[in-house]
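Everything below concerns the one structure shown next.
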Amino acid sequence: MFIGSHAFFNSRRERLAALAIGRALPATYSLREFATAGGLMSYGTSITDAYRLGGIYAGRILKGEKPADLPVQQSTKFEFVLNLKTAKALGIDVPDRLLALADEVIE
């Protein structure tokens with residue numbers, strides 16, 4: 001199961017993670033906060049990096065650049081977070097190769 005990023009889901013991340021575990025559903029999420037709240041894994045853009053880029057844009061505008069002249073940017077930093085505690089609760093053996101690819105492993 002995959003749960004995307006939306007304010008409705010984000011505000012209920014602990015409950016969604018608990019429901020997925022309770023029903024033995026391996027779930028993937030788009031934000032790292034879901035994995036830290038008990039979800040199995042997340043892969044998506046770094047919110048911290050997005051805020052940093054937004055701050056740079058704001059700084060450029062405050063220095064006098066016109067917003068219409070600024071280029072459109074897409075996130076370039078993605079995070080893969082894996083929760084081993086949840087994997088164990090679901091009875092999933094995580095391959096070493098997958099562990100090596102993770103940016104963060106929660107034990």
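The basis for the numbers below is simple: all heavy atoms, side chains too, and nothing from hydrogens, waters or symmetry mates.
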message: Do Leu40 and Ile92 have side chains that approach each other closer than 4.5 Å (heavy atoms only, starting at C-beta)?
response: yes

field: Heavy-atom pair of closest approach, residues Ile21 and Ala89
entry: CG2-CB, 4.4 Å

field: Closest non-hydrogen atom pair, Ala17 against Ala37
entry: CB-O, 4.0 Å

field: Pairwise distance CG(Leu70) to CD1(Ile56) - rounded to 0.5 angstrom
entry: 11.5 Å

- prompt: At what distance, to the nearest 0.5 angstrom, does NE2 of His6 lie from OG of Ser30?
  reply: 11.5 Å

- request: Mind checking the NZ-CG spacing from Lys88 to Asp93? Nearest 0.5 Å is all I need.
  value: 11.0 Å

- request: Drop me the distance from Ile61's CD1 to Lys66's NZ, to the nearest 0.5 angstrom.
  value: 13.0 Å

field: Closest contact, heavy atoms only, Lys85 versus Glu107
entry: CB-C, 4.4 Å

- prompt: Side chains of Glu33 and Asn10: closer than 4.5 Å at any heavy-atom pair?
  reply: no

Chi angles and distances behind the side-chain contact (heavy atoms from CB on, under 4.5 Å) call for Thr76, Leu53: CA-CA 10 Å; Thr76 57; Leu53 290 173; 5.8 Å; no

- request: Identify whether Val94 and Val81 are in the same connected component of the hydrophobic contact network (ILVMFWY, side-chain heavy atoms under 4.5 Å).
  value: no

- request: Please check if the side chain of Asp103 supplies one atom and the backbone of Phe80 the other of a donor-acceptor pair under 3.5 Å.
  value: yes

statement: Shortest non-hydrogen pair, Ile106 vs Ala35, comes out as CD1-O, 3.6 Å

message: Under 4.5 Å side-chain heavy-atom separation, chaining through any Ile, Leu, Val, Met, Phe, Trp or Tyr, what else clusters with Tyr51? Say none if it is isolated.
response: Met1, Ile3, Phe8, Phe9, Leu16, Leu25, Tyr29, Leu31, Phe34, Ile47

field: Test item: Thr86 side-chain N/O and Gly38 main-chain N/O as donor-acceptor pair under 3.5 Å
entry: yes

